[in-house]
Amino acid sequence: MSQDAATADGLGELRRLATRVLDEVELAVVGKRDALELVLLGLLADGHVLLDDYPGLAKTLIARSFAQVTSLGFARVQFTPDLMPSDVTGSSVYSQRLGDFEFRPGPVFTNLLLGDEINRSPPKTQAAERPFLVVATQNPIEFEGTYPLPEAQLDRFLLRLSVGYPSADAEWRMLERRLERTADEVELAQVATRADVLAMQRAVEQVHVAESVGRYIVELVAATRASPRVQVGASPRGTLALLKVARARAALAGRDFVTPEDVKAVAVPALAHRLILRPELWVRRVRTEDVVAELLEQVPTPPPEAEPAAVRSHPGR
């Protein structure tokens with residue numbers, strides 16, 4: 001099999017599995033396909049995701065559902081002010097049977113870790129996290145007993161997104177499904193395995209990025225640093241994050257090449273949380289998301305290029 005054919009097969013399998021995963025998760029989280037796709041992009045790009053939204057908007061359910069349908073090991077840590085690093089990483093405990101210290105791993109030793117209300121514990125605890133994937137949640141309306149997430153830690157989240165309230169139709173479908181199943185818990189099928197997830201991540205690495213698109217990514221990030229509204233712009237880690245998520249989005253769309261539209265679609269969740277605005281803008285309620293959206297309008301979009309040879313050889317995709 002040629003390299004082009006192998007790439008096409010890998011990306012075709014990625015799209016098939018990803019669609020099944022999203023369809024299954026959407027049985028539990030109704031009417032939020034766009035948000036679910038962003039979480040899946042974070043998983044495919046092997047990065048952490050911060051869900052920043054009001055209580056009761058299915059943030060915890062999203063993390064648990066993705067773990068369930070992909071057969072990933074799942075652990076949850078409820079962040080509290082008295083949480084210690086050892087509560088996350090584990091600790092060595094003396095074993096009388098062995099006559100020596102025995103390490104008992106903490107919840108961080110899993111595939112998908114839910115950090116629930118991550119801003120309720122001190123930064124020293126959060127620095128101990130080293131899992132495969134963190135889906136963290138925080139509540140933006142409560143300030144008592146919370147700690148602002150350090151900018152350096154925010155920068156380590158690949159994406160930050162909000163779920164938002166459902167539409168009236170979606171909320172009714174949620175009620176309708178609850179009535180039909182006669183139970184609170186939603187039973188989801190395992191439609192993919194851990195090996196499948198790893199294979200999908202490898203397939204994303206086959207997605208082509210033209211130099212013009214790569215330079216467009218660089219120019220967008222550079223614009224965040226040059227903006228007069230921004231005190232601190234996105235770091236090179238943000239440039240890499242935008243590249244990774246754009247490639248994952250292209251793969252999810254069934255393409256083995258990134259377009260400028262892929263970059264634009266993920267720029268806000270990939271970059272906005274990495275910016276620090278000038279203090280005088282806080283009282284004017286300017287959001288970093290608004291700044292990134294404005295920069296997308298200002299930075300010239302590169303002209304479309306001819307599709308890569310690998311794509312032309314598989315016109316049905």
Side-chain angles (χ1 to χ4, degrees), residues 34-35 37-53 115 118-119 123 126-127 129-138 140 148-162 201 204-205 207 209-252 258-279 281-282 286-302:
D34 290 346
E37 284 188 2
L38 281 172
V39 175
L40 181 58
L41 292 182
L43 178 60
L44 295 180
D46 195 18
H48 308 316
V49 177
L50 177 60
L51 302 178
D52 186 5
D53 216 327
I118 193 172
N119 56 332
Q126 299 167 19
E129 298 176 24
R130 285 292 183 272
F132 167 62
L133 170 69
V134 173
V135 175
T137 73
Q138 70 173 3
L149 295 183
E151 287 78 10
Q153 185 184 2
L154 276 174
D155 197 33
R156 293 185 180 275
F157 282 100
L158 188 73
L159 295 166
R160 182 182 69 181
L161 62 128
S162 299
Q201 290 180 341
V204 170
E205 292 297 328
V207 175
V209 181
E211 181 178 348
S212 62
V213 176
R215 288 190 177 276
Y216 177 55
I217 291 173
V218 171
E219 289 169 9
L220 273 176
V221 177
T224 69
R225 303 166 191 159
S227 171
R229 309 177 91 183
V230 176
Q231 189 172 35
V232 179
S235 71
R237 185 181 285 124
T239 316
L240 288 168
L242 189 52
L243 171 73
K244 292 169 67 175
V245 183
R247 293 177 90 188
R249 185 182 188 272
L252 197 60
V258 175
T259 68
E261 294 307 313
D262 292 319
V263 177
K264 290 181 177 182
V266 298
V268 171
L271 296 180
H273 61 292
R274 306 174 195 275
L275 310 185
I276 302 176
L277 298 182
R278 295 195 177 279
L281 297 179
W282 299 346
V286 175
R287 304 182 310 150
T288 54
E289 288 85 354
D290 300 329
V291 173
V292 175
E294 290 173 4
L295 294 176
L296 287 171
E297 296 293 328
Q298 297 170 9
V299 177
T301 304

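Heavy atoms only: backbone and side chains are in, while hydrogens, waters and symmetry mates are out.
In this structure, F157 and I118 have side chains that are in contact, with non-hydrogen atoms separated by less than 4.5 Å. Contact annotation: the side chain of V49 never approaches that of L158 to less than 4.5 Å [non-hydrogen atoms, C-beta and beyond]. Between L149 and L50, the closest side-chain pair of non-hydrogen atoms falls below 4.5 Å. Put simply, the side chain of V291 does not reach to within 4.5 Å of the side chain of T224, judged on heavy atoms.
Using a cutoff of 4.0 Å between basic side-chain nitrogens and carboxylate oxygens, E205 and R247 are scored as salt-bridged. Of the charged side-chain nitrogens involved, none lies within less than 4.0 Å of a carboxylate oxygen, so that R215 and E219 do not count as a salt-bridged pair. With respect to R160 and E289, a salt bridge is recorded, a charged nitrogen being found less than 4.0 Å from a carboxylate O. Ion pairing between E294 and R229 holds under the 4.0 Å rule for side-chain N and carboxylate O.
Nearest heavy-atom pair across L154 and H273 is O-CD2, 3.1 Å. E151 approaches I276 most closely through the heavy-atom pair CG-CD1, 3.2 Å. When all heavy atoms of P260 and V213 are compared, the pair lying nearest together is CD-CG2, 4.2 Å. Nearest approach of A246 to V263, heavy atoms of both residues: CB-CG2, 4.1 Å.
Between the side chain of T288 and the backbone N or O of A272, at least one donor-acceptor pair lies under 3.5 Å. Not one N or O on the side chain of R249 forms a donor-acceptor pair closer than 3.5 Å with the backbone of V266. Put simply, the side chain of H48 gets close to the backbone of V134: a donor and an acceptor are under 3.5 Å apart.
Between the side chains of S162 and D52, no donor-acceptor pair is found at a separation under 3.5 Å. Side-chain N/O atoms of T259 and K264 include no donor and acceptor closer than 3.5 Å.
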